[in-house]
Amino acid sequence: MKSMTIIQTLTAATASLFLFANMASAHSEHDHSKLSLQWKFSKKVEAKIQSRGTLQENGYYVGLSSHEQKTMEHYGIRDGNIFTAQVDGVNAYVKRTSGGIQIMDSGMMNIVALEQLPIRDLNWISRISTGSASHSGHDHAMTPYEWSFGESTQNRIADRLNVKGTVFVGLTKFEQNVLSNYNIKVGNRFHTVIDGQTIMAERTSGGLKIMDLSNNEVAQMNSNQTNM
């Protein structure tokens with residue numbers, strides 16, 4: 001009987017250690033490092049944050065859809081990562097959680113030096129590049145944005161840049177939905193940087209059209225002017 005009690009005690013202790021090890025392992029999968037970037041939320045996510053009182057209070061959680069979480073994952077923001085964001089002119093540290101985000105610390109003074117993903121405003125665009133036309137519901141206006149693609153998408157575009165003239169790059173449904181969430185419509189043109197080169201792209205029904213060299217030179221001039 002005494003032997004049975006000892007065996008039961010050891011079994012319970014082993015089970016507890018196994019459970020603790022699993023919990024520790026699960027927790028270790030969350031990287032709590034701070035990322036040197038500023039994340040620009042889509043209008044839909046900003047509306048969720050604003051419904052909670054923008055970023056002025058600390059500690060509260062905001063739930064995100066699976067697509068919104070996958071978007072952050074696509075840009076290297078993983079569970080536990082802390083990054084900066086701005087909503088309604090308020091800066092804050094934000095942590096990604098398993099179900100969305102948590103507001104960590106608000107009232108930061110200046111985050112303009114940090115790279116903003118996935119979209120940033122361009123304050124100046126040459127008239128040469130803003131010619132627009134529309135057909136079949138496609139708006140060919142030049143948007144005043146510079147868009148940053150995720151690493152996997154950038155690599156796919158870079159593989160096509162050695163082709164002369166205008167080239168086309170297909171995008172997955174997920175990648176197209178990300179553009180839609182940030183109001184980049186089919187037909188819209190925008191700047192992006194691939195392998196350090198500023199290029200002009202147009203969203204198509206199936207992906208992207210990368211403009212030819214002459215248009216890319218205009219895009220480069222515009223980008224340089226913006227960064228002056």
Side-chain angles (χ1 to χ4, degrees), residues 35 37-52 54-55 61-81 83-88 94-103 114-122 132-161 166-195 198-211 219:
L35 305 180
L37 63 86
Q38 179 187 169
W39 182 254
K40 175 63 176 177
F41 292 111
S42 67
K43 294 296 183 184
K44 186 175 181 180
V45 176
E46 284 189 348
K48 290 182 181 180
I49 295 172
Q50 289 164 336
S51 70
R52 298 293 305 274
T54 192
L55 300 179
Y61 293 84
V62 178
L64 298 181
S65 68
S66 59
H67 175 81
E68 291 161 349
Q69 294 184 63
K70 185 178 178 181
T71 299
M72 301 183 83
E73 185 79 23
H74 184 65
Y75 284 88
I77 302 176
R78 297 174 173 81
D79 287 354
N81 282 169
F83 54 95
T84 58
Q86 184 183 90
V87 177
D88 292 339
V94 178
K95 180 170 74 174
R96 185 184 166 196
T97 68
S98 58
I101 55 174
Q102 180 185 13
I103 312 305
L114 299 175
E115 180 184 14
Q116 180 173 289
L117 298 175
I119 193 169
R120 72 182 183 93
D121 292 334
L122 290 177
S132 62
S134 298
H135 64 85
S136 302
H138 293 178
D139 179 5
H140 293 272
M142 182 69 196
T143 59
Y145 308 123
E146 181 176 283
W147 179 263
S148 296
F149 289 100
E151 184 177 356
S152 60
T153 313
Q154 285 193 46
N155 291 338
R156 197 159 70 252
I157 296 172
D159 290 340
R160 299 284 294 152
L161 290 185
T166 300
V167 298
F168 292 85
V169 180
L171 294 181
T172 66
K173 183 178 180 180
F174 164 75
E175 291 165 336
Q176 294 189 60
N177 285 340
V178 174
L179 290 172
S180 295
N181 284 349
Y182 285 86
N183 204 33
I184 296 179
K185 303 178 179 68
V186 172
N188 282 173
R189 297 177 180 181
F190 55 92
H191 293 130
T192 187
V193 178
I194 305 295
D195 280 350
T198 302
I199 62 176
M200 190 190 303
E202 178 181 318
R203 184 181 172 189
T204 68
S205 57
L208 299 172
K209 179 170 72 173
I210 308 300
M211 303 303 170

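For clarity, every value in this text was computed on a predicted model and none was experimentally measured.
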* Out of curiosity, K95 NZ to Y61 OH, how far, rounded to the nearest 0.5 Å? -> 6.0 Å
* Approximate separation, where rounding is to 0.5 Å, of L117 CG and E146 CD -> 10.0 Å
* Asked: What is the distance from atom CD1 of I194 to atom CG of N155, rounded to the nearest 0.5 Å?
  -> 9.0 Å
* Rounded distance [0.5 Å steps], NE2 in H191 versus CD1 in I119 -> 12.5 Å
* Does some side-chain heavy atom of R78 sit less than 4.5 Å from a side-chain heavy atom of E73? -> yes
* Asked: Are the side chain of T84 and the backbone of W39 linked by a donor-acceptor contact shorter than 3.5 Å?
  -> no
* Asked: Does the side-chain contact (heavy atoms from CB on, under 4.5 Å) test come out yes or no for K209 and T166, once each step is laid out?
  -> CA-CA 7 Å; K209 179 170 72 173; T166 300; 3.2 Å; yes
* Asked: Given side chains that start at C-beta, do those of Q69 and R96 come closer than 4.5 Å, heavy atoms only?
  -> yes
* Taking side chain as C-beta onward, heavy atoms only, is L37 less than 4.5 Å from I77? -> yes
* Asked: What pair of heavy atoms forms the shortest contact from A201 to I210, and how long is it?
  -> CB-CD1, 3.8 Å
* To do: With sequence neighbours left out, write down each residue that passes side chain to side chain contact (heavy atoms under 4.5 Å, CB included) with K48, or none if nothing qualifies.
  => V62, E68
* To do: Go through the structure and list residues passing ring pair (Phe, Tyr, Trp, His ring centres under 6.0 Å) with F174, not counting sequence neighbours.
  => H67, H74
* Asked: Does CD belonging to E151 count more than 12 external heavy atoms closer than 6.0 Å?
  -> no
* To do: Say whether, by atom type as modelled, one donor and one acceptor occur between the side chain of T198 and the main chain of V193 under 3.5 angstrom.
  => no
* Asked: Taking the side chain as C-beta and beyond, is there a heavy-atom pair between I103 and V94 under 4.5 Å?
  -> yes
* Asked: Between atom CE of M142 and atom CE of M200, what is the distance when rounded to the nearest 0.5 Å?
  -> 4.5 Å
* **Any side-chain heavy-atom pair of I101 and F41 under 4.5 Å** => yes
* At their closest point, which heavy atom of V167 faces which heavy atom of R160, and how far apart are they? -> CG1-O, 3.9 Å
* Where R120 and Q116 come nearest, the two heavy atoms and their spacing -> CA-NE2, 3.5 Å
* **L35 side, atom CG; N81 side, atom CG - distance, nearest 0.5 Å** => 4.0 Å
* Asked: Taking C-beta and beyond as the side chain, do L208 and F149 meet within less than 4.5 Å on heavy atoms?
  -> yes
* **Side-chain heavy atoms of Y145 within contact of D121, under 4.5 Å** => yes
* **Close side-chain approach of E46 to K40, heavy-atom, < 4.5 Å** => yes
* Asked: With under 30° as parallel and over 60° as perpendicular, where do the rings of F190 and W147 fit, or are they tilted in between?
  -> perpendicular
* Structure fact -> Those residues at least two apart in sequence (or on a different chain) that pass side chain to side chain contact (heavy atoms under 4.5 Å, CB included) with Q176 are L171, R203
